[in-house]
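Chain naming here is simple, since letters A, B, ... match the order of the sequence lines and numbering starts at 1 in each.
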Amino acid sequence: MTRFFLVDIHYTIEAGKAILRLYGRDGKGKPVTLKDENFEPYFYVVCDDPAGLEDLKEDDFHVTKVEKEEKLLLEKPVTAYKVYVNLPTAVPVLRELAKDIGQTLEDDVLFARRYLIDKGLTPLDLVEAEVEGDSIKTIKAETGTYTPKGLAFDIETYTPPDRKEIDYDNPIIMIAVYAPDYQKVLTWKKAKGAEVLDSEKAMLERFVDVVKAYDPDILTGYASDGFDLPYLLARCKKLKVPLALGKDGSSVITKGRSRQEARITGIAHVDLYKFIRRVLGRTMKTQSFSLNNVSQELLGEKKQEVDLDNIGSAWDAGKIDEFVEYNLQDTKLTYNLMLKVWPSLLEMTKIVGLPLFDASRLSFSQFVEWYMMKKAFSMNELFPAKPGYREQTRRMGQRAQGGYVYEPEPGVYDNIAVYDYRSLYPSIIVSHNISPGTVNCECCKGKIPEHDMHFCKKKQGFVSGVIKELLDYRTTIKKQSQKNKDVVLEARAYALKVLLNSFYGYLGFAMARWYSTQCVEAITAYARHYVKDVIAKAEKQGFAVRYGDTDSCMLELGKKTEKDAKKFLQLVNKGLADPMELELEDVFPAGIWVATKGTAQGAKKRYALLDKEGNLKIRGFESVRRNAAVIARKTQQELLMIVLKDRDKEKAVKLVKDTVDKLRKNELPIEDVVITTQVQKTTDKYESVGPHVAAAKLMENKGRTVKKGTIVAYIVKKGEGKIRDRVQLAEDARQGEYDGEYYITNSLVPAVENILSVLGVSPESITEATQQTTLAGF
DNA sequence: TATAGGCATACGACAACTCTCGC
DNA sequence: CCGAGAGTTGTCGTATGCCT
């Protein structure tokens, strides 16, 4: 009996047979490599008459056996034929032939993943196998905790002083690896603190040896999918060095062009940039996901500044000591980031049941889908097929109504009680049993709000059942972690939250297997119903409703107390079915809502609240948008503070007047007038060329690459005509070059006028008044 | 190889309109 | 008086980035 922690899995074809290889480590830290030759590839065919299935063949591919099974498809019983084939690569070929006989299903599940699902194995968890030599006879999942061996790495490349482009013709000049007990910097020119090799080629060979010597389970880099590993691979190819990091001696394999991935057999390669950006990005403050910014936010550590632009000339001059230090520092930060996100990454991997390599690269929809597939297998549900192109297009044409937003009345109000439904969409799904298979059942009757449909009340649905289990589990975890604070439990609760919050979007996602417009429409219809219900109840109780969006409701307490606010909470909750629950987030001493530009109507999704500690919670305003001019953001934020906290109209007016004045006199530094915008496509794809596109083109003219996601920073110069003809890159802008009047009328005034008008101050009085002062000075 | 829809805002593209000027 | 061209105004579409 062998017990080990599973790190990676992968298959090869040997002598016409598929062999799975499992890579891991036993409790003593010894590497384990086992093979399983007894797992056969298969797919399903749903049909009335299975005749001909056994005879399917093409070239070397053939069917080995066919078994009849009673399964469920979208929660309805069906007879399915399990068609075993001789090779994993036979599946896509023979399924095409099988389409003449019936509907094929589960014909697109990668072989190694199929193995994990069918055996119920969870990577990074304990596995118990009965073996003969290195061959697995039986295998099953156990539970245990293991901390894998991680190694961080980072490369530095030669860049000529005049160019910044990635060019594989330039050599790699330095490679660093870091683990707390293993640190090395390799280079091929004399340098302090580094291991100096004879040539780039020797350094690359040494790098492979260095990694192999440490024998990590995880190799991690920052943006290593798109940069470090493809670069290493390109240089190795050129210098004829095998980049054989794989545990089976295989080379690193890169896949994809726009979204590159680099895989190493037997070792989980984790690109932390990808994981952090995708999973934690939403909740992070930073605008840019550079290693420096991310470390700053997550670790509170900043790396030492080094002028990377000069790395080329420093290398030519042989003065690279500081780059050695920098290189190692980068790997150390990467390693520490890995430690920081490890609990979340581990929990996500365990929940979804995919190898770490895949789990660390999951999109939200994949997270849901793979979890559903794991659950479907255990509940005898067939995986619905992925939609074809036509079906996807049809789905994209469908549009479901979303959440309800209450139109606020512009004004400043005191004592705002903020309520929201806890996990509204998931709890609606559970309390109303919303699932693709429970829609309009024969056994029940009824009608949901706004739609002529109903959901079964007797039989537990598949999707609603899965979510119910997750919600219950999350509640248990939360209770446990309240008792004693634990990083693991917190990470698990977070992973569950991410998963739960993704289900609704997944059900409406055109490429989803478990797509259902009916479910999406029902969920949002119920949500609108419940929010409007709170609003109606609040009004009936004599509260002034100030705002509400999707799952929230904000009430002005007026003469009522916090005690009344809590009583109201109980009143609403009394009428709610489990697990639905309204929560009172907090009572805020003050709040402001404004009108939309040029109208008297209240603006939705733009408001600010002052909490009891005196902090602002700003939503939607320019202050929280990166594509507004810095000065407009700063001034607006200060203004909101003055309005809500100081309650000083004079001070508010003075702030804006002074700022207008400074802009007119060109007194503000360049960084205050910078506008940053992210380009969403390459510059040639724009139909309409706005200022940020013009700025992006300026970058391209300087030889810089602009791709989807590039952030451009620019200012607007003085002059006539279109704004786009007056942009200048922030980095090239000179003091005195910006157009103060532009910023006053297009940035500052729009950002403050609707706040000022709540106080009864017209924007004209602000700009005119300063004009008078300048005239007086004149 | 985008989880969803709702919303505000800025600016360009384009058409319609006004104004000016020369004949 | 008319017609050309410049300039202005208004509407619509594109684009970004936020909120829940």
Side-chain angles (χ1 to χ4, degrees), chain A residues 255-261 278 282 287 361-369 386 389 392 395-396 398-408 418 420-421 423-425 498-512 514-517 519-521 523-524 527-528 531 547-553 594-599 601-607 617-629 632 675-681 685-694 696 708-709 711-712 716 720-727 742 745-747 750-751 754:
Chain A
K255 210 180 84 180
R257 243 174 249 168
S258 60
R259 237 187 72 191
Q260 283 192 94
E261 291 179 357
R278 202 170 292 176
R282 296 243 161 150
Q287 301 283 351
R361 287 168 180 75
L362 286 179
S363 66
F364 289 98
S365 64
Q366 287 172 310
F367 192 17
V368 173
E369 190 146 286
K386 277 190 204 162
Y389 180 73
Q392 274 176 47
R395 290 177 179 187
M396 285 198 275
Q398 291 182 322
R399 223 173 149 79
Q401 200 185 334
Y404 168 76
V405 191
Y406 182 94
E407 189 188 303
V418 176
D420 56 13
Y421 282 100
S423 301
L424 179 64
Y425 287 1
V498 170
L499 181 58
L500 278 162
N501 287 343
S502 307
F503 264 92
Y504 159 75
Y506 172 81
L507 288 168
F509 174 46
M511 288 169 76
W514 276 274
Y515 173 88
S516 168
T517 339
C519 289
V520 167
E521 279 177 339
I523 294 163
T524 53
R528 291 190 293 274
V531 167
Y547 189 57
D549 185 347
T550 310
D551 64 350
S552 68
C553 179
V594 301
T596 56
K597 205 186 167 193
T599 74
Q601 284 194 324
K604 297 167 174 178
K605 298 186 191 280
R606 280 163 81 84
Y607 63 92
K617 178 173 166 176
I618 303 175
R619 293 290 117 104
F621 278 117
E622 282 81 352
S623 349
V624 294
R625 296 177 62 93
R626 75 159 152 236
N627 61 346
I675 299 165
T676 51
T677 306
Q678 185 173 212
V679 295
Q680 304 288 2
K681 44 193 169 190
K685 294 212 172 63
Y686 280 91
E687 276 185 55
S688 175
V689 178
H692 70 292
V693 184
K708 190 179 155 186
I711 289 179
V712 295
V716 176
E720 298 284 303
K722 292 194 173 69
I723 312 300
R724 69 153 175 242
D725 297 326
R726 299 197 267 140
V727 300
Y742 164 83
T745 48
N746 296 40
S747 295
N754 290 334

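Each of A:Arg395, A:Gln398, A:Arg399 was compared with A:Thr517 under the side-chain hydrogen bond (donor to acceptor under 3.5 Å, both in side chains) criterion, and only A:Gln398 meets it. Put simply, the residue from A:Ile675, A:Thr677, A:Ile711 that forms a side chain to side chain contact (heavy atoms under 4.5 Å, CB included) with A:Arg626 is A:Ile711.
Contact of A:Arg626 with C:dG17 (side chain to base): no donor-acceptor pair of N or O atoms is detected under 3.5 Å.
Every residue meeting the salt bridge (Lys or Arg N to Asp or Glu O under 4.0 Å) condition with A:Asp549, not counting sequence neighbours, appears here in chain and number order: A:Lys605. Scored by the ring-ring contact (aromatic ring centres under 6.0 Å, His included) test, A:Tyr504 finds A:Tyr425 as partners (sequence neighbours excluded).
Remark: A:Arg619 is in phosphate contact with C:dT20, judged by side-chain N or O atoms under 4.0 Å from OP1 or OP2. In terms of phosphate contacts, A:His692 brings no side-chain nitrogen or oxygen within less than 4.0 Å of OP1 or OP2 of C:dA15. Contact annotation: A:Arg724 reaches the phosphate of B:dA13 (side-chain N/O to OP1 or OP2, under 4.0 Å).
Summarising the geometry, the separation between CD on A:Glu407 and C1' on B:dA8 is reported as 13 Å, rounded to the nearest angstrom. Across the protein-nucleic acid pair, A:Asn627 atom CG and C:dC18 atom P stand 7 Å apart, rounded to whole Å. In this structure, the CD1 atom of A:Ile723 is 12 Å from the P atom of B:dA10, given to the nearest Å. In this entry the distance linking OH of A:Tyr607 with C1' of C:dT20 reads 9 Å, nearest Å. If you take CD1 of A:Ile675 and P of C:dG17, they are 12 Å apart, rounded to a whole angstrom. With rounding to whole Å, A:Tyr406 atom OH is found 18 Å from C:dC19 atom C1'. Whole-Å rounding puts the A:Glu687 CD to C:dT14 C1' distance at 7 Å. Rounded to an integer number of Å, the gap from NZ of A:Lys681 to P of C:dT16 is 6 Å.
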5' to 3', nucleotides 1-6 of chain B under a 4.0 Å protein heavy-atom cut-off (B base, S sugar-phosphate only, - none) gives BBBSBB
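Here B:dC11 is the nucleotide among B:dA10, B:dC11, B:dA8 with the atom lying nearest to any side-chain atom of A:Asn746. In the set B:dT9, C:dT16, B:dG12, the nucleotide with an atom closest to the side chain of A:Thr596 is B:dT9.
At a threshold of 4.0 angstrom between heavy atoms, the contacts of A:Val689 are confined to the sugar-phosphate backbone, with no base atom among them.
Using modelled atom types, no side-chain atom of A:Thr550 and backbone atom of A:Gly403 make a donor-acceptor pair closer than 3.5 Å. Distance alone, capped at 3.5 Å, places no donor-acceptor pair between the A:Tyr406 side chain and the A:Val531 backbone.
Open room surrounds NZ on A:Lys708; 12 or fewer heavy atoms of other groups in view lie less than 6.0 Å from it.
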